[in-house]
Protein chains: 2
Amino acid sequence: MVRLNKLTDYAVVILAEMAQAGGVTTASALAARTGIPGPTVAKLLKILAQRGLTLALRGRAGGYGLSRAPTAINVAEIIEAIEGPVAVAACVEGALENCEFEPVCAMNGHWNRVNEVIRRALTGVTLADMVDAETPAFGFPRPPAKGRERGLGETPAI
Amino acid sequence: MVRLNKLTDYAVVILAEMAQAGGVTTASALAARTGIPGPTVAKLLKILAQRGLTLALRGRAGGYGLSRAPTAINVAEIIEAIEGPVAVAACVEGALENCEFEPVCAMNGHWNRVNEVIRRALTGVTLADMVDAETPAFGFPRPPAKGRERGLGETPAI
DNA sequence: CACAAATAGCACTATATTCGTACTGTTTTA
DNA sequence: TAAAACAGTACGAATATAGTGCTATTTGTG
């Protein structure tokens with residue numbers, strides 16, 4: 001179904017939650033808030049940190065924070081961090097595999113255009129778009145945006 | 001990787017081959033030309049016929065033909081014929097499943113926009129676009145375009 | 001009229017991918 | 001110095017997918 005895999009979906013949810021929370025949040029707190037299994041959250045956060053989407057703080061008061069503003073992180077980046085390049089088929093440019101039928105195939109390169117359109121669409125949507133608070137997350141009410149304007153590092157009130 | 005599954009990819013290739021061939025073609029001929037395993041081709045053609053994308057002719061001189069002109073068949077249709085509705089996540093409208101986290105999720109409905117953009121992109125690409133003969137299929141030379149310029153409807157010489 | 005060629009439909013199996021978990025090591029701060 | 005949190009690796013199980021096989025039905029041809 002041109003479907004994202006579950007882990008990618010989770011990653012977006014986690015980042016969205018971080019965007020809403022602001023500051024630094026521990027993996028276990030994110031797991032509790034999103035309902036995603038703890039170990040899975042931890043695994044994803046590690047990957048996201050490696051890819052530079054999040055910053056990890058080790059030590060006793062550690063946790064993870066977004067490395068950039070939510071408006072500066074787009075969905076395509078997130079997908080690519082978890083799944084690798086966006087590639088609807090094996091034969092598109094940038095895909096990690098090669099299509100064995102490539103020389104015989106009737107559609108030499110025509111998937112590329114389709115792929116590009118999709119990639120562009122995904123690049124155009126930012127994390128901020130995904131959480132814009134019109135419909136705030138249910139069950140975790142939080143003060144109006146003004147109130148939570150604390151800088152990074154102020155920690156989450158777990 | 002926002003990946004189509006293999007069967008869907010095959011379906012597009014098969015339809016593209018049919019578009020190039022025109023008229024009626026047997027499942028086994030299509031298998032031979034595309035390199036896709038025979039039984040798999042047969043299976044896909046049955047599904048496509050059920051969904052109305054191809055017409056099936058039974059009996060001795062039977063086979064399959066496109067039900068419409070290649071310009072009137074778009075990629076989204078093909079994907080939906082094989083995989084069901086285009087849905088990047090379980091929570092988008094039209095998806096066949098329900099997301100268990102839906103009420104708690106931070107991104108209530110925001111996948112919908114992303115999904116719509118992708119769907120529109122796929123709807124805009126026709127089968128004809130996928131085969132436009134700039135780079136004809138290798139290994140299966142066929143007469144110049146002029147020669148095969150018969151109108152639609154004339155097609156499957158049923 | 002009988003046979004052969006082709007699709008229709010169903011059910012089954014094996015494979016591959018993906019998901020989730022567990023464990024051990026490293027860093028940092030109270 | 002101990003506890004809390006991240007880092008990395010490796011593994012097992014569940015799920016989805018791909019592919020196969022068989023039988024029935026339709027239809028043209030000799």
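Residue numbers begin at 1 in each chain, while the letters A, B, ... track the order of the sequences.
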Reckon B:Ala27 touches a base, only the sugar-phosphate, or nothing at all at heavy-atom distances under 4.0 Å?
-> sugar-phosphate
Measure [atom1]/[X] against [atom2]/[N] and give the value in whole Å, please.
X	N	atom1	atom2	value
A:Lys43	D:dG8	NZ	P	14 Å
B:Asp9	D:dT17	CG	P	15 Å
B:Lys46	D:dC22	NZ	P	14 Å
B:Arg58	C:dC3	CZ	C1'	17 Å
A:Leu45	D:dG8	CG	C1'	15 Å
B:Ile47	C:dA8	CD1	C1'	12 Å
A:Arg51	D:dG8	CZ	C1'	13 Å
B:Arg60	D:dT29	CZ	C1'	5 Å

In terms of the nearest nucleotide of DNA chain C, which residue is placed more toward the 5' end: A:Leu7 or B:Thr26?
-> B:Thr26
Please state whether the phosphate of D:dA16, meaning OP1 or OP2, lies under 4.0 angstrom from any side-chain nitrogen or oxygen of B:Asn5.
-> no
Ignoring backbone atoms, test whether A:Tyr10 places a side-chain nitrogen or oxygen under 4.0 Å from the OP1 or OP2 oxygen of C:dC19.
-> no
In the single-linkage hydrophobic clustering (I, L, V, M, F, W, Y; side-chain heavy atoms under 4.5 Å), do B:Val86 and B:Val117 co-cluster?
-> no
Check whether A:Val125 and A:Ile78 end up in the same hydrophobic cluster, where Ile, Leu, Val, Met, Phe, Trp and Tyr are linked by side-chain heavy atoms less than 4.5 Å apart.
-> yes
Which atom names give the shortest non-hydrogen contact between A:Ala19 and A:Pro70, and what distance separates them?
-> CB-CG, 3.8 Å
Are any side-chain N or O atoms of A:Glu77 and backbone N or O atoms of A:Asn74, one a donor and one an acceptor, separated by less than 3.5 Å?
-> yes
Closest listed nucleotide, where the reference is the side chain of B:Pro37 and the choices are D:dT20, C:dA8, C:dT21 = D:dT20
